[in-house]
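Inspection log for the structure reproduced underneath, given as structure tokens.
Sequence lines set the chain letters: A, B, ... in the order given, protein chains first and strands last, and positions in each chain run from 1. No hydrogens, no waters, no symmetry mates; every other heavy atom, side chains included, goes into these values.
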Amino acid sequence: MTKEDTQQVVLDIIADVAPDEDLTNVKPDVRLRDQLELDSMDFLDIVMELRKRHNIEVPEADYPQLASLDSCAEYLTPKFEALGK
Amino acid sequence: MASGFYSTMSFEAPRIVITGIGLTAPNGNSLAEYRQNLLDGVSGVQPFEVRYMGKSLAGVCDFDPLKYQKRKEVRVGTRAGSISIYCAREAVAHSGIDWENQARDRVGVYVGTTEHGNVETENEIYAISKFDYDTKYWSHYHNPRTVANNPAGEVSLNLGITGPAYAIGAACAAGNLGLIHATQMLRLGEVDFALCGGVSESIHTFGIFAGFKSQGALASHADPTKASRPFDRDRNGIVVSEGGALYTLERLEDAQRRGATIYGEIAGYRVNSDASDYVLPNPTRQAECVRQALKSAGMTPSDIHIVNTHATATPQGDIQECGALRDVFGQNCPDTHINNTKSFIGHAMGAAGALELAGNLPSFEDLTVHPTINVDNLDPQCDIPGLVLNTPVKAKKVDTILNNSFGMLGINSTLIVKRFTA
């Protein structure tokens with residue numbers, strides 16, 4: 001699984017969590033909350049969907065790792081690989 | 001005019017008037033559409049799939065939630081919230097109030113509900129059943145979705161209302177209670193503008209269907225549009241429905257100051273309790289409730305021109321209510337017409353009282369009384385004077401509407417609305 005794949009996984013989740021948002025030009029190096037209307041409950045949704053769809057756990061202490069698409073890719077890609085994906 | 005608290009006071013209670021109506025019913029998403037279908041005999045009952053139970057019947061609404069909500073709001077919120085927001089926005093628009101300049105901290109939201117939270121809880125349990133009931137998959141939205149004030153709270157969020165916003169839990173009397181409570185709050189000066197009535201999302205919980213089925217009180221019929229048949233000899237129970245109706249209420253002087261159209265005036269009301277059974281109604285207490293509402297309005301039974309019944313098409317409940325109405329209106333009420341709106345839309349639970357009143361309010365203008373449909377063979381025990389069956393009738397006059405709504409645990413409510421005359 002590439003980092004680009006991981007970013008797409010996160011974007012797919014955000015598309016469901018924040019269905020009013022335009023995701024065509026999300027900048028990977030900019031904090032998601034600085035370019036999209038996402039609140040803390042939405043981030044909990046992202047964590048929940050990672051758990052439900054991909055069996056990936058994100059401990060609360062690691063929530064800051066989900067700040068941007070780049071940081072998501074850095075943090076989540078090894079977790080996907082550990083699951084053999 | 002004076003009622004309750006004010007009847008013991010030396011001053012006159014402020015007059016409270018209806019200035020706007022927003023609704024969604026199984027057979028209409030505006031008052032005009034709904035009313036026309038009530039006059040044309042159009043039912044809103046249809047086949048409906050219920051989780052775990054399969055095919056059933058229900059009154060289903062088809063309003064567009066996205067008219068007033070973002071998709072995310074719909075996803076995060078509840079069906080009751082969406083119904084409430086739709087009704088509230090429609091009511092505000094119908095009232096013609098200058099909403100942008102309305103002081104939002106002086107607006108109250110009082111939403112009657114039969115129950116709230118069953119839908120959302122059932123959904124979550126179903127969702128975690130796919131994960132071996134591991135509760136770490138339980139949604140963090142569960143609590144804000146299931147708090148009792150959810151429908152009113154979603155209205156406050158959507159409309160930026162910072163005054164009091166809460167739900168009134170009163171089983172199937174709740175729609176009337178929303179209006180009654182708003183009347184009280186306006187008279188107390190707690191708010192200047194009230195959004196009030198009732199809503200129901202009940203068709204999305206299998207529990208209410210299964211509960212009525214176990215009770216032997218869930219309607220069935222080969223033709224869904226004929227399933228809800230109060231007063232008919234072959235009635236066999238309740239059709240569960242969703243929907244909502246919220247009104248804007250104001251003190252008369254405020255409404256007149258802004259030149260509002262006035263659709264009716266709250267004339268009187270009463271809420272009482274059977275204190276006799278969890279489920280079975282009590283016609284003695286129902287009759288007391290009606291009589292005490294009449295007293296609060298300063299009226300006698302013959303002053304009432306339309307009685308909108310609560311009757312839900314259960315074999316026993318209809319007979320009990322007809323007994324109560326025969327007791328009050330059985331004699332010397334030549335101008336009293338009696339009808340039932342559930343025969344068209346099923347039982348909209350917390351919305352029932354508010355929706356059924358709305359269906360009759362246009363009678364002040366068109367002097368037409370909508371019928372009770374689906375009465376092929378009138379049950380002799382429901383045969384009371386004044387019943388309007390199957391086709392609308394023209395009335396000599398319609399100056400008053402008495403709206404009954406009763407609920408489990410023995411809560412009764414009667415609300416009387418009269419034609420506004422300055």
- Message: Are there over 12 heavy-atom neighbours, none belonging to B:Glu49, within less than 6.0 Å of that residue's CD?
- Response: yes

- Message: Between A:Met41 and chain B, with a heavy-atom cut-off of 4.5 Å, which part of the residue counts as in contact: side chain, backbone, both or neither?
- Response: both

- chain A-proximal positions within residues 64-100 of chain B [heavy-atom distance under 4.5 Å]: B:Lys70, B:Arg71, B:Lys72, B:Arg75

- Please look at A:Asp16 and chain B and tell me whether the side chain, the backbone, both or neither of the residue comes under 4.5 angstrom of a heavy atom of that chain. backbone

- Query: Is it the backbone or the side chain of A:Glu21 that comes under 4.5 Å from a heavy atom of chain B, or both, or neither?
  - Reply: neither

- Which atoms of A:Glu57 approach chain B - backbone, side chain, both or neither, heavy atom under 4.5 Å: side chain

- Considering residues, nucleotides and ligands other than B:Lys213, do more than 12 of their heavy atoms fall under 6.0 Å from its NZ? no

- Query: Can you name the residues of residues 104-143 of chain B that have some heavy atom under 4.5 Å away from a heavy atom in chain A?
  - Reply: B:Phe131, B:Lys136, B:Tyr137, B:Trp138, B:Ser139, B:His140, B:Tyr141

- In terms of heavy-atom contacts, does NZ of A:Lys85 have more than 12 from other residues, nucleotides or ligands at under 6.0 Å? yes

- Query: Should we say atom CD of A:Gln65 is surrounded by more than 12 heavy atoms from elsewhere, each under 6.0 Å from it?
  - Reply: yes

